[in-house]
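FYI, side chains are in, hydrogens and waters are out, and symmetry mates aren't considered; it's all heavy atoms of this structure.
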Amino acid sequence: MISRRDVVTDSAIAVVAEQGVRGLTHRAVDALAELPVGSTSNVYRTRDALITGIMERIGELNSQQLERLPELMRAPGADAIEVAIDFCMNWLTTDRNRFYTMMMLSLDPALPPEAVIAKEKNLRAIREFIMRFAGIDAEYAERVNSSVAGMMVSELVAGTADRAHVEAYMREFFQWLRGSRESA
């Protein structure tokens, strides 16, 4: 069963994705979640606390999704490139609100200090996952993450989430990755 905190936070993620950071208010979250007025305020007393909660929830959901990838890769007939493409497409379609909100809040210069800590924890978790999963060092993992995230932001900005674009990029990226690892 999903907790009240998760309902509020998931709704807040959707509010940012639909209305932008400026549209994030306790009342907007209550309305979207179809909760009585004041419910969000009972969970997160301030807007800064709500933004921090969003960043923490995004990190939690990202970690859950990343931890499922190794199992998907071990499935009979699994193709690493297809798994990676599906992962990216998921973040651009099904989980678009989360990805969009993560990007929007990460770029916000007025992000509360606690939310900055949550953002950095999330980025560190992604980097550490890439390091474990691909068997590469932190610097290389940062380049991998930056490259793939850049492609995904381009798709997000274009409003396309075009599988053919993502597939072409990921195939070229994996080719580059293999070549750069072999020459290292």
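- A141 and M131 make their closest contact through CB-CG, 3.5 Å (heavy atoms, listed as atom of the first residue, atom of the second, distance).
- Scanning both residues, R47 and H26, for their nearest heavy atoms gives N-CE1, 3.5 Å.
- Atom CZ of R45 has 12 or fewer heavy atoms from other residues, nucleotides or ligands within 6.0 Å.
- A distance-only check finds a donor-acceptor pair linking the side chain of E155 to the backbone of D162 [under 3.5 Å].
- More than 12 heavy atoms of other residues, nucleotides or ligands lie within 6.0 Å of CZ in R171, so this atom counts as buried by the packing criterion.
- The shortest heavy-atom contact between V43 and V8 is CG2-CG2, 4.1 Å.
- Heavy-atom neighbours of R4 CZ from other residues, nucleotides or ligands within 6.0 Å: at or below the threshold of 12.
- The residues R143 and E139 are annotated as salt-bridged, a charged nitrogen and a carboxylate oxygen being separated by less than 4.0 angstrom.
- Summarising the geometry of T52 relative to A115, their closest heavy-atom pair is OG1-N, 3.3 Å, with the distance given to 0.1 Å.
- Under a 3.5 Å cut-off, the side chain of T94 and the backbone N or O of N90 do not form any donor-acceptor pair.
- Between T101 and E18 there is no side-chain heavy-atom pair separated by less than 4.5 Å.
- E120 has no carboxylate O lying under 4.0 Å from a charged side-chain N of R124, or vice versa, which leaves the two without a salt bridge.
- Residues R98 and Q65 form a side-chain contact, since some pair of their non-hydrogen atoms from C-beta on lies under 4.5 Å apart.
- Pairing each heavy atom of A28 with each of V15, the nearest pair is O-CG2, 3.8 Å.
- In summary, R57 and E60 engage in a salt bridge, as defined by a charged side-chain N under 4.0 Å from a carboxylate O.
- L92 and L156 make their closest contact through CD2-N, 4.2 Å (heavy atoms, listed as atom of the first residue, atom of the second, distance).
- A salt bridge links R163 with D86: the closest approach of a Lys/Arg side-chain nitrogen to an acidic carboxylate oxygen falls below 4.0 angstrom.
- Counting heavy atoms from C-beta outward, L66 and F87 have side chains that approach closer than 4.5 Å.
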Under the criterion side-chain hydrogen bond (donor to acceptor under 3.5 Å, both in side chains), I'd like the reasoning laid out for T40 against D30: C-alpha separation, chi angles, the key distance, then a yes or no. CA-CA 6 Å; T40 298; D30 288 340; 2.6 Å; yes
